[in-house]
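Worksheet: one structure, shown below.
Quick caveat: nothing in here was measured; it's all calculated off a predicted structure.
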Amino acid sequence: MARKKSLDSQPAHVAERKSPKAEQSDPLTWVTNAVVQAHGEAVLVFDADQKVIAANRVAEQAFCSQAGALAGLRLYQLILSGLPTDEKTLPGQVASLHTVEAQRLDSTRFTAFARTYRLEDEPEFLGISLLDVSEERALRKELDSTTSLAGLLVRDMSVGIVVQSALGAIIEANTAAEKILGFTREQLVGRTLVDPRVRSLRRDMSILPAHEHPSMRVLRSGGVQAELVGVEKAAGMVTWIEIEARRLVDSPTSAVFASLVDVTAAREAELRMAAALARQEIMTSLSSETVLIVDADLVVRSASSNTMRLLGWSPSDLIGKDLVSWVQEDQREMVKAALTRLFSYPGARGRLDIKLRQASGHLRIYDGNGMNMLADKMINGLLINLRDIHDQRMAEAAVRQANEELERRLQQLSADRAFDAALSRVADLLQQCSGLEESADVLWASLPTLIPGFETALYLEDSEHVEFIRHRAPDHAHVFLPTEACWALRTRRAHISDGVVTLRCDHVPQDGRMTACLPLMAAGRVVGLVVIRSPGPERPLPSQEEINRLAVRLSIVVGNSRLRSG
């Protein structure tokens with residue numbers, strides 16, 4: 001029967017054979033799986049009579065034949081010499097490499113590297129892979145005659161040198177290349193740099209496809225191709241090689257010259273540096289400080305990556321802008337002067353709380369720590385660390401305010417206690433008074449003690465004229481005050497007037513001084529009035545709350561006294 005399969009997974013012409021085992025096994029499938037390293041190689045399969053029963057397209061091209069023209073030809077018609085007739089390849093094994101002389105159908109000859117294979121199930125079948133190296137041999141002969149190849153290989157023993165054919169197969173390698181690639185010269189010759197036993201990696205640790213290898217790119221498009229390639233020889237063990245490939249002669253059929261430099265140590269250092277930078281970037285992004293570099297004009301030249309989180313501005317928003325333009329308006333001159341002073345001498349340092357406006361428009365307080373680093377070539381400017389202390393300052397202000405309020409309340413409590421003690425003494429004295437005149441004298445004499453530092457006046461209800469209040473003062477007596485003239489008497493609530501704007505009592509002079517009128521109440525009716533006036537703007541009156549409290553306390557004392565007795 002006629003076979004219709006080829007090694008290219010495309011229809012191929014094969015010779016008929018009558019072996020009964022042909023129906024049980026397919027030598028083409030075996031060769032496809034066995035000849036892993038046969039990249040671009042011609043593959044022929046011979047039966048027990050050494051006749052061709054299968055050939056791939058590379059073989060048909062190598063022997064200049066049409067499709068199916070090789071079928072039935074004998075081994076000795078195609079391979080003239082170089083293949084030992086006494087070599088017995090064991091089934092499932094590959095023979096060593098041989099250099100053979102082969103003949104095309106047009107009677108021209110070529111030199112090739114050859115390996116033989118045997119099928120375990122059908123050992124009578126013989127597979128042969130051929131790699132045409134005629135062009136490489138001619139090139140090598142030319143190079144050897146001019147000592148060019150020798151010069152390339154020994155030029156720098158620390159640099160690996162590999163010469164590949166126009167098909168990509170290695171035809172020569174120096175000792176450094178053997179050491180870098182981890183193979184002997186015998187193992188390298190006839191192979192490509194893309195060895196199936198190792199895995200090639202890109203810089204980012206992804207798999208480098210064979211067709212993307214620098215040598216393969218040179219074979220396709222010429223020019224100079226360079227790339228960093230990682231060679232994983234064992235699990236977790238990667239050798240990093242800087243490969244630069246170019247043609248020896250500017251011709252599509254020219255061999256490829258590739259230089260190999262082992263940069264594993266440098267690559268590992270690069271990875272360590274990248275890891276360190278990544279850790280630093282993470283730490284910087286999470287840091288509570290941002291770093292700026294400004295020049296002598298206070299223009300931001302560099303900014304750390306966490307400015308968006310801490311300042312609300314991205315680094316690109318800050319770079320090239322005047323730093324002072326983000327400072328609160330009333331601080332700009334001060335900040336500009338402070339930063340300018342830091343440029344006066346190398347190493348100068350300074351610290352300042354700065355209010356900066358964020359992108360949202362809100363002002364926040366930052367602790368600015370600047371240092372003159374003009375002498376450092378890497379920085380060559382003013383290094384400024386900014387730490388957001390807004391919440392801290394607000395908390396400190398809240399604590400201060402709370403402490404001040406507590407202190408005020410303590411002082412008020414102390415004053416209230418002193419006032420209550422004085423008021424208690426006045427109440428005791430009033431209880432012992434025998435008449436209105438005596439009670440009025442006691443209350444009047446006690447006012448400077450109860451209300452120190454203010455001008456005071458006392459009005460008491462007249463027994464004969466309930467609609468009038470009598471003024472009691474040491475320099476004059478019996479001054480009558482109409483009830484309608486005082487808002488405190490009319491509303492029965494303490495009233496404060498500034499004497500100019502606020503609703504003023506008719507009895508208060510219009511001199512700009514503050515006046516408080518405190519009605520004295522007893523049993524729901526007015527029995528008196530205390531008037532308090534500030535001596536001037538430097539001594540304002542107590543608050544409305546304090547005036548109200550004073551009025552209530554005085555009313556209690558007066559109401560409980562025998563003020564109206566007699």
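Judged as a side chain to side chain contact (heavy atoms under 4.5 Å, CB included), and not counting sequence neighbours, the contacts of Asp391 are Arg364. Listed by chain and residue number, Asp322 satisfy the side chain to side chain contact (heavy atoms under 4.5 Å, CB included) test with Ser325 (two or more places apart in sequence, or in another chain). In this view, Arg202 satisfies the salt bridge (charged side-chain N to carboxylate O under 4.0 Å, His left out) rule with no residue, not counting sequence neighbours. In this view, Arg332 and Glu329 satisfy the salt bridge (charged side-chain N to carboxylate O under 4.0 Å, His left out) rule, not counting sequence neighbours. Listed by chain and residue number, Arg393 satisfy the salt bridge (charged side-chain N to carboxylate O under 4.0 Å, His left out) test with Asp353 (two or more places apart in sequence, or in another chain). Not counting sequence neighbours, the partners of Phe63 by the ring-ring contact (aromatic ring centres under 6.0 Å, His included) test are Phe110. Partners of Leu80 under the side chain to side chain contact (heavy atoms under 4.5 Å, CB included) rule, at least two apart in sequence or in another chain, are Gln103, Arg109. Judged as a side chain to side chain contact (heavy atoms under 4.5 Å, CB included), and not counting sequence neighbours, the contacts of Met371 are Arg349, Met373. With sequence neighbours excluded, no residue satisfies side-chain hydrogen bond (donor to acceptor under 3.5 Å, both in side chains) with Arg301. When the salt bridge (charged side-chain N to carboxylate O under 4.0 Å, His left out) test is applied to Arg74, no partner is found at least two apart in sequence or on another chain.
The side-chain heavy atoms of Leu352 and Met334, taken from C-beta on, include a pair separated by under 4.5 Å. For the pair Ile128 and Val100, the minimum side-chain heavy-atom distance is 4.5 Å or more. When side chains are defined from C-beta on, Tyr366 does not count as touching Thr290, because their heavy atoms never get closer than 4.5 Å. Inter-residue side-chain proximity for Arg246 and Val224 is flagged as met; some heavy-atom pair is nearer than 4.5 Å. Ile354 is not listed as a side-chain neighbour of Trp326, based on a closest heavy-atom distance of 4.5 Å or more.
In this structure, CD in Gln392 is found 6.0 Å from CZ in Arg387, a value given to the nearest 0.5 Å. Between the CZ atom in Phe46 and the OG1 atom in Thr116 there is a gap of 11.0 Å [rounded to 0.5 Å]. Rounding to the nearest 0.5 Å places OG of Ser302 at 12.0 Å from CG of Asn380. Here Lys179 contributes atom NZ and Asn174 contributes atom CG; the two are 12.0 Å apart, rounded to the nearest 0.5 Å. Remark: Ile170 CD1 to Leu188 CG distance equals 4.5 Å, nearest 0.5 Å. Atom CG in Asp295 sits 6.5 Å away from atom CZ in Phe343 (nearest 0.5 Å).
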For the pair Val238 and Val231, evaluate side-chain contact (heavy atoms from CB on, under 4.5 Å) and give the outcome as yes or no after the intermediate values. CA-CA 5 Å; Val238 179; Val231 177; 5.9 Å; no
Decide yes or no on side-chain contact (heavy atoms from CB on, under 4.5 Å) for Val300 and Lys321, but give the supporting numbers first. CA-CA 6 Å; Val300 178; Lys321 306 296 176 55; 5.6 Å; no
Candidate pair Leu130 and Val58, rule side-chain contact (heavy atoms from CB on, under 4.5 Å), full reasoning: CA-CA 9 Å; Leu130 299 169; Val58 178; over 6 Å; no
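Applying the salt bridge (Lys or Arg N to Asp or Glu O under 4.0 Å) test to residues at least two apart or on different chains, the pairs with a partner in residues 212-226 are Arg217-Glu227. Sorted pairs that involve residues 333-342 and meet side-chain hydrogen bond (donor to acceptor under 3.5 Å, both in side chains), not counting sequence neighbours, are lacking altogether.
For Asp262 (side chain) and Ile180 (main-chain N/O), no donor-acceptor pair under 3.5 Å exists by modelled atom type. Distance alone, capped at 3.5 Å, is enough to place a donor-acceptor pair between the Arg104 side chain and the Ala62 backbone. Side chain of Gln331 to backbone of Lys355: a donor-acceptor contact under 3.5 angstrom is found. Judged by distance alone, with hydrogens and angles left aside, the side-chain atoms of Arg351 form no donor-acceptor pair with the main-chain N or O of Asp367 at under 3.5 Å. A donor-acceptor pair is defined here as one N or O able to donate and one able to accept, closer than 3.5 Å; no such pair exists between the side chain of Asn385 and the backbone of Asn369.
Here the closest non-hydrogen pair linking Ala177 and Leu260 is CB-CD1, 4.2 Å. Of all the heavy atoms in Trp240 and Thr264, the pair that sits closest is N-OG1, 2.9 Å. For the residue pair Leu383 and Ile379, the shortest heavy atom distance occurs at CD2-CD1, 4.4 Å. Residue Ala258 comes nearest to Ile243 through the heavy atom pair CB-CG2, 4.5 Å, listed as atom of the first residue, atom of the second, then distance. Across Leu44 and Ala59, no two heavy atoms sit closer than the pair CD2-CB, 3.6 Å. In plain terms, the two heavy atoms of Asn372 and Ser344 that are nearest each other are ND2-N, 4.4 Å.
Sparse packing is recorded around CD of Gln50, with 12 or fewer heavy atoms of other residues, nucleotides or ligands lying under 6.0 Å away.
Each of Ile384, Asp388, Ile389 was evaluated against Leu386; a single residue qualifies, Ile384, per the side chain to side chain contact (heavy atoms under 4.5 Å, CB included) test.
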